Amino acid sequence: MLKLINQNLRIIFIGTPEFAAIILEKLIKSGYFPIAVVTGPDKPSGRKQILVPSPVKVLAEKNKIPIFQPEKIINLKSEIKNLDPDLIILAAYGQIIPKDILDIPRYGALNIHPSLLPKYRGPSPIQTTILNGDSKTGVTIILMDEKIDHGPILGQKKIIINKIDSVELTKILAELGGDLLIEILPKYLKGEIKPKPQNHSQATYTKFIKKEDGRINWQKSAEEIERMIRAYYPWPSVFTKIKNKILKIFKVKILKINHKKEPGTVFLTEKKELAVACGQDALVLEEVQFEGKKRITAQEFINGYPWIINFILK
RNA sequence: CGCGGGGUAGAGAAGUGGCAUCUCGCCGGGCUCAUAAUCCGGAGAUCGCAGGUUCGAAUCCUGCCCCCGCAA
C-alpha cells in the first residue's frame, strides 16, 4: 500500500548499524523509499579480516537502493547535491555531517537519536542509559544543525525499562524511533510541526566506548558491575583478568550479602554457586569465557579450574 | 599471508616419547527423616582428521578441518 506522495519525496537515508537498518526498514515498509543510502565503508571483521558490509548496506542492496560508502562524507558533497534531495534522514551514521551537506535538502536533515534529548548527546546513549540504571529513556527526532545532537526537537517518545541489555534496548528504541518517524514525517512535511529548541543548559554528553572500559573494577558495587555487563553486551563485553589472561563475563546475578572479603575474591556460596565479592554485595557468575576457550557455565568452570576458589581477581 | 591460544569420556580440565588421569555429570547399590550431603561399585575415549618419524606417538614432523582471545 504505497502512497504516491511518498514516492515523490526524494529522501537520502544515512546510517550504518543495526539501529539504522531497523529504521530504514520501517521507512521502506511505509512507502518512503529512499533514492540513495549513505553508509559506512565495509569493515574488516573477524579473525580472517573479512570485509563485512554494514546492516544498512545489506538492506539497501536487498531493496536495490543505490549505495554510497565514502571514507569521509564531505567527499560526497557534490554527489548529494546532484541527487537533489528533499530530505536527509540520519540514524547512527558514525561521522559528523558538515553543515554544507545538511543545508542541501529543502526540508533539512532529521536525526533519530536513542535518548531523551538534551540528555545523553553523543555516541553511546544506549549504553549510558543502562550503565546509569535509568528506568526511563526514549527516542528523539531532531532537525539537525551544525552541532552534535543539538538541533530543535520535532518529536519524542518515552518508555519505561527494567533489566535489559544493549542489544535489546537498541532494538526497542529503533522500533520506537522508526514508528515516531513515520508518525511525524507527514506532519513535518506539511509544516504542522514547530521545531522546539532543546534546553541546552540541561544537556549531558556520552563518551566513545573503548575496549578497556569493559574491564571490571571489583571495588564497585555488585549492582554497578551488573549494569555494566548489560550495557557493554555484546561490545566491548566485560572482562576481568586471571593470571594475565582475559575472563569474559556474560551472565551474572546479584547476591545481597554482607561479606568481609577483599573485593575480587572468588568464593562459593551456600548453594555452591561461583561468586565474586564486590565493593558492596557480591555477584554470582553464571556464564563465563576464558581466553582461548568456549563460553561455559560457571559450574563447568569450577570443575575445570578448581584452583579459582579464593583467587583474587584484580 | 594481521598477532595469539586451543581440539583428550556427556561437560570442563591434567598429561612434552613408555599402563589413559582428575573434577562434575550419568548408571547401579549402601547409608539417611532428609539433601546441590556422604560411601561403595560401574559404564562411557578410534586423544579433531589424514599422512609421516619411531621398537613404541595424545605427546615429535607435515597437511587439512573446526573453535576461541586480540585486533573494529
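Small disclaimer: the values here were computed from a predicted structure and weren't measured. Chain letters run A, B, ... following the sequence lines, proteins first and then strands; every chain starts at 1.
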Roughly how far apart, to the nearest Å, are [N] and [M] at atom [atom1]?
N	M	atom1	answer
B:G18	B:A58	C1'	13 Å
B:G12	B:G4	P	26 Å
B:A11	B:C49	P	14 Å
B:G6	B:G48	P	13 Å
B:U46	B:A9	C1'	13 Å
B:U23	B:G42	P	14 Å
B:C3	B:G63	P	15 Å
B:G7	B:G15	P	10 Å

Taken in chain and number order and not counting sequence neighbours, the residues that satisfy side-chain contact (heavy atoms from CB on, under 4.5 Å) with A:Arg106 are A:Asp86

State whether A:Trp218 and A:Lys241 meet the cation-pi test: NZ (Lys) or CZ (Arg) under 6.0 Å from the six-membered ring centroid, and within 45° of the perpendicular axis. no

[X] [atom1] to [N] [atom2]: how many Å, rounded?
X	N	atom1	atom2	result
A:Gln289	B:C70	CD	C1'	12 Å
A:Lys245	B:C68	NZ	C1'	11 Å
A:Ile309	B:C24	CD1	C1'	13 Å
A:Asn244	B:G5	CG	C1'	14 Å
A:Leu247	B:C68	CG	C1'	13 Å
A:Lys271	B:U35	NZ	C1'	14 Å
A:Gln299	B:A36	CD	C1'	9 Å

Might you list the N or O atoms of the protein lying below 3.5 Å from N or O atoms in nucleotides 7-14 of chain B, with each pair's distance?
residue: B:A11; atom: O2'; partner: A:Glu300; partner atom: OE2; Å: 2.3
residue: B:G12; atom: OP1; partner: A:Lys294; partner atom: NZ; Å: 3.1
residue: B:G12; atom: O2'; partner: A:Glu300; partner atom: O; Å: 3.1
residue: B:G12; atom: O2'; partner: A:Gly304; partner atom: N; Å: 3.4
residue: B:A13; atom: OP1; partner: A:Tyr305; partner atom: OH; Å: 2.7
residue: B:A13; atom: O2'; partner: A:Gly304; partner atom: O; Å: 3.2

Under 3.5 Å, is there a donor-acceptor pair between the side chain of A:Glu25 and the main chain of A:Lys29? no

Could you tabulate the donor-acceptor pairs under 3.5 Å formed by side-chain atoms of residues 67-76 of chain A, not counting sequence neighbours?
residue: A:Gln69; atom: OE1; partner: A:Lys57; partner atom: NZ; Å: 2.9
residue: A:Gln69; atom: NE2; partner: A:Gly40; partner atom: O; Å: 3.0
residue: A:Gln69; atom: NE2; partner: A:Asp42; partner atom: OD1; Å: 2.7

Whether A:Glu226 and A:Lys163 form a salt bridge (side-chain N of Lys/Arg under 4.0 Å from carboxylate O of Asp/Glu) is what I want to check.
yes

Could you tell me the Watson-Crick or G-U partner of [N], where both distances fall under 3.5 Å? Say none if there is no partner.
N	answer
B:G17	none
B:U23	B:A11
B:G69	B:C3
B:A36	none
B:U59	none

Quiz item: With a 4.0 Å cut-off on heavy atoms, is A:Glu273 in touch with a base, just the backbone sugar-phosphate, or nothing at all?
Solution: nothing

Which donor-acceptor pairs under 3.5 Å do side chains of residues 169-181 of chain A form with protein atoms, sequence neighbours excluded?
residue: A:Thr170; atom: OG1; partner: A:Ser166; partner atom: O; Å: 2.6
residue: A:Glu175; atom: OE1; partner: A:Lys26; partner atom: NZ; Å: 3.2
residue: A:Asp179; atom: OD1; partner: A:Lys26; partner atom: NZ; Å: 3.0

- Item | Phosphate OP1/OP2 of B:U23 contacted by A:Lys272 side-chain N/O (<4.0 Å) | no

Q) OP1 or OP2 of B:C70 sitting under 4.0 Å from any side-chain N/O of A:Lys211? A) yes

**Report entry** Close side-chain approach of A:Tyr188 and A:Leu143, heavy atoms under 4.5 Å
**Finding:** yes

Listed pairs under 3.5 Å, donor-acceptor, residues 270-284 of chain A side chains, sequence neighbours left out:
residue: A:Glu273; atom: OE2; partner: A:Lys253; partner atom: NZ; Å: 3.2
residue: A:Asp281; atom: OD1; partner: A:Ile257; partner atom: N; Å: 3.3

Between A:Ile302 and A:Glu291, whichever has its closest RNA chain B nucleotide further toward 5' is A:Ile302

In short, side chain to side chain donor-acceptor pair (under 3.5 Å) pairs touching residues 257-266 of chain A with sequence neighbours left out are none

